[in-house]
Amino acid sequence: MCEKARVIVRMLQGCNSMNKLRKIHSHVIINGLHHHPSIFNHLLRFCAVSVTGSLSYAQLLFDRFDSDPSTSAWNYLIRGFSISSSPLYSILYYNRMLLSSVSRPDIFTFSFALKACERIRSIPKCLELHGSVIRSGFLADAIVSTNLVRCYSANGSVEIAFKVFDEMPVRDLVSWNAMISCFSHAGLHHQAFSMYNRMGNEGVCVDAYTIVALLSSCAHVSALNMGVMLHRIACDIRCESSVFVSNALIGMYAKCGSLENAVGVFNGMRKRDVLTWNSMIIGYGVHGHGVEAISFFRKMVASRVRPNAVTFLGLLLGCSHQGLVKEGVEHFEIMSSQFHLTPNVKHYGCMVDLFGRAGQLEKALEMIHTSSCHEDPVLWRTLLGSCKIHRNLELGEVAMKKLVQLEAFNAGDYVLMTSIYSAANDAQGFASMRKLIRSHDLRTIPGWSWIEIGDQVHKFVVDDKMHPESALIYSELGEVINRAILAGYKPEDSNRTAHTLSDRCLGSADTSHSEKLAIAYGLMRTTAGTTLRITKNLRVCRDCHSFTKYVSKAFNREIIVRDRVRFHHFAGGELIVIRVLYSLGVLLKLSPQDSLKGKVRETGDETIIDTEVVIMVWNKNITETRKSTKEKRRIQTPEIAET
DNA sequence: CTAGGGTTAG
């Protein structure tokens, strides 16, 4: 290399902006050095892969280069495009390389091309690259084959991803993590767990990435015991203070119904990001605790973390479930006016639910019309649900007609509409629904509930007879029902209400609903005082809701039921709200009415608590219940730490 | 001379 070229290469190594690069480039051209391979590579490298580079300039350089680019030159371009907004170009350059260059792809080329393929969502390209990887013998490279696993996974082909993984000659920790994430994303949570077990058997250690992926699966299937175990492992390998791990832990605890522990993790964090706050707000939202969600939202804004669309989803969810119409509307408005976020279908869905649940059905309808998504069946279905609650036949018919017109009707819609007709004693309408059901051969989704006991998950369906301890469970359930009745439970009379008609025709008369079986089993198999956590796929019916409430009183147990959309938290025969004064580490359990009546208020720098509500003090693993007194207590709120 | 991974709603 001549002295001039050496100087230019040194200049390029120190280059930090496109302006400088352009100057150097013209200098190169003047000196007639633009076909010098080393200089070309350095120019290309800066344009294609540095943060301040320019991919279009890289293309320009590439097109004007008149000898055959080296593999590394191709790699720069393929790499640059693979992480750009147009990954397709990455593939185009890869194809061009194969067809027009003497330079052959190496392991790096495949890594970058696979990364691009992961983002363009094309199974045929995946298969083609897979073939080339095999032919070139690079399948033995752990990174290349892990990229292949990710590629199939991102394209929705879990089976092939697993096959590639299973046949990998060399695997490392990242490969295992990729496979676990793949299962977790695909909703195959138990497969994700079994990968973890296999890792243990093969002596592979886990890291923070493994834990985050597994925690996400725990959150989805409410596997609290598994989640707690992962929390312990995170502490053992000292990654529990990573923001990723902490956020995943908060999400897991909140979705497993343990807000106490979610708050515990939240309090211990040194750094918090949007996801940290969102996880807490969503946690409160899905528990139906709008007031608390709003309080977290205020603290979030005060600590200068910018809320995003998901933040507002959590807020609106909490407001609609707690019946906070005014607050919901307020936050829906500031979402766009103050935070410049555009509401999407899900936000409109929450608003329709907010108005509908509160009985303001006309406003709910208006919301659908003013939204940008008035053809979305979910919104109409939400309205239909509200019409059922408030027994509004006219609007119910409007919603149902719309669903039929959109060809989006399902069995659930028919169930709702049928019960609206029944409630209105409209035999004709009822008959027309039956006809529709027959002609479309629609089946309802079977309901099931599960409960985690030890490391086992027990799943129940309606009138379940499959469980090995079935007989015992039914005799226990009889006993439980009797004790609940003594505590005040009134089983819903199936002959009295309008439900009868629809229940009979749909085969879901109020027999032993799956959550009743799960509760009976939980009472049998856990020691006195243990909290029961039930998860179910549908909504909890009114009778089971009331049943659970009285069981919590009769057996003195906290029972937390997670249904399709929210949590129901029962204790002492009440539906309760957990109010956390997180800056104090104080945890209050009170009824939603108390919360609404403002028995806990934060005014300026102090918090006022009416102590007739039950107070629990949260302190690491110790919870202590203090009995109420009638006087008012004033507690100084200290500065919020580390925000 | 250059590679791979992560968390939130329904």
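Letters A, B, ... are given to chains in the order of the sequence lines, protein chains preceding strands, and every chain is numbered from 1. Side chains are part of it too, since the values below use all heavy atoms of this structure and drop only hydrogens, waters and symmetry mates.
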Closest nucleotide among [options] to the [X] side chain:
{"X": "S72(A)", "options": "dT7(B), dT2(B), dA9(B)", "value": "dT2(B)"}
{"X": "A208(A)", "options": "dT7(B), dG6(B), dA3(B)", "value": "dG6(B)"}
{"X": "D172(A)", "options": "dA3(B), dG4(B), dG6(B)", "value": "dG4(B)"}
{"X": "V144(A)", "options": "dA3(B), dG4(B), dT8(B)", "value": "dA3(B)"}
{"X": "F108(A)", "options": "dT8(B), dG6(B), dT2(B)", "value": "dT2(B)"}
{"X": "D106(A)", "options": "dA9(B), dT2(B), dG6(B)", "value": "dT2(B)"}

For [X] and [N], is the shortest distance between a side-chain N/O and OP1 or OP2 below 4.0 Å?
{"X": "S175(A)", "N": "dG4(B)", "answer": "no"}
{"X": "H185(A)", "N": "dT8(B)", "answer": "no"}
{"X": "R79(A)", "N": "dA3(B)", "answer": "yes"}

Item to check | Of all pairs that satisfy salt bridge (Lys or Arg N to Asp or Glu O under 4.0 Å), the ones with a partner from residues 109-118 of chain A, not counting sequence neighbours | outcome: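 Only E118(A)-R150(A) qualify under salt bridge (Lys or Arg N to Asp or Glu O under 4.0 Å).
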Checklist outcome for this item: Applied to residues 79-92 of chain A, the salt bridge (Lys or Arg N to Asp or Glu O under 4.0 Å) test, sequence neighbours excluded, yields none
Next on the checklist: Side chains of S222(A) and T535(A) only: does a donor on one sit below 3.5 Å from an acceptor on the other?
Outcome noted: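 A donor-acceptor contact under 3.5 Å links the two side chains.
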Next on the checklist: Does either side chain, that of W176(A) or that of T210(A), offer a donor lying less than 3.5 Å from an acceptor on the other one?
Outcome noted: no
Checklist entry - In residues 125-135 of chain A, what residues come within less than 4.0 Å of DNA chain B, judged by heavy atoms? => result none
When the distance from [atom1] of [X] to [atom2] of [N] is rounded to whole Å, what number comes out?
{"X": "N308(A)", "N": "dA9(B)", "atom1": "CG", "atom2": "P", "result": "12 Å"}
{"X": "I281(A)", "N": "dT8(B)", "atom1": "CD1", "atom2": "P", "result": "16 Å"}
{"X": "L77(A)", "N": "dT2(B)", "atom1": "CG", "atom2": "P", "result": "18 Å"}
{"X": "M280(A)", "N": "dT8(B)", "atom1": "CE", "atom2": "C1'", "result": "12 Å"}
{"X": "I107(A)", "N": "dT2(B)", "atom1": "CD1", "atom2": "C1'", "result": "10 Å"}
{"X": "F112(A)", "N": "dG4(B)", "atom1": "CZ", "atom2": "C1'", "result": "10 Å"}
{"X": "I180(A)", "N": "dG6(B)", "atom1": "CD1", "atom2": "C1'", "result": "12 Å"}
{"X": "Y209(A)", "N": "dG4(B)", "atom1": "OH", "atom2": "C1'", "result": "10 Å"}

Which part of the nucleic acid, if any, lies within reach of [X] when heavy atoms closer than 4.0 Å are counted: base, sugar-phosphate only, or nothing?
{"X": "F110(A)", "answer": "nothing"}
{"X": "N41(A)", "answer": "nothing"}
{"X": "L317(A)", "answer": "nothing"}
{"X": "V274(A)", "answer": "nothing"}
{"X": "R564(A)", "answer": "sugar-phosphate"}
{"X": "S216(A)", "answer": "sugar-phosphate"}
{"X": "V174(A)", "answer": "base"}

Item to check | Set of residues satisfying ring pair (Phe, Tyr, Trp, His ring centres under 6.0 Å) with respect to H34(A), sequence neighbours excluded | outcome: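 Not a single residue meets the ring pair (Phe, Tyr, Trp, His ring centres under 6.0 Å) criterion with H34(A).
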Item to check | For T52(A), all residues meeting side-chain contact (heavy atoms from CB on, under 4.5 Å), sequence neighbours excluded | outcome: F46(A), S50(A)
Item to check | Heavy-atom check, side chain of V9(A) versus side chain of S38(A), under 4.5 Å | outcome: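 Yes. Closest side-chain heavy atoms under 4.5 Å.
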Checklist entry - Any side-chain heavy-atom pair from N75(A) and D106(A) closer than 4.5 angstrom? => result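 A side-chain contact under 4.5 Å exists here.
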Item to check | base_contact_polar (dG6(B) base, N247(A) side chain, donor-acceptor, <3.5 Å) | outcome: no
Which pairs of donor and acceptor atoms, one on a side chain in residues 308-317 of chain A, lie under 3.5 Å apart (sequence neighbours left out)?
residue : atom : partner : partner atom : Å
N308(A) : OD1  : N278(A) : ND2          : 3.1
N308(A) : OD1  : V310(A) : N            : 3.1
N308(A) : OD1  : T311(A) : N            : 3.2
N308(A) : OD1  : T311(A) : OG1          : 3.1
T311(A) : OG1  : N278(A) : OD1          : 2.6
T311(A) : OG1  : N308(A) : N            : 2.9
T311(A) : OG1  : N308(A) : O            : 3.1

Item to check | Per-pair stack call F244(A) and dT7(B), 5.5 Å, 30° | outcome: no
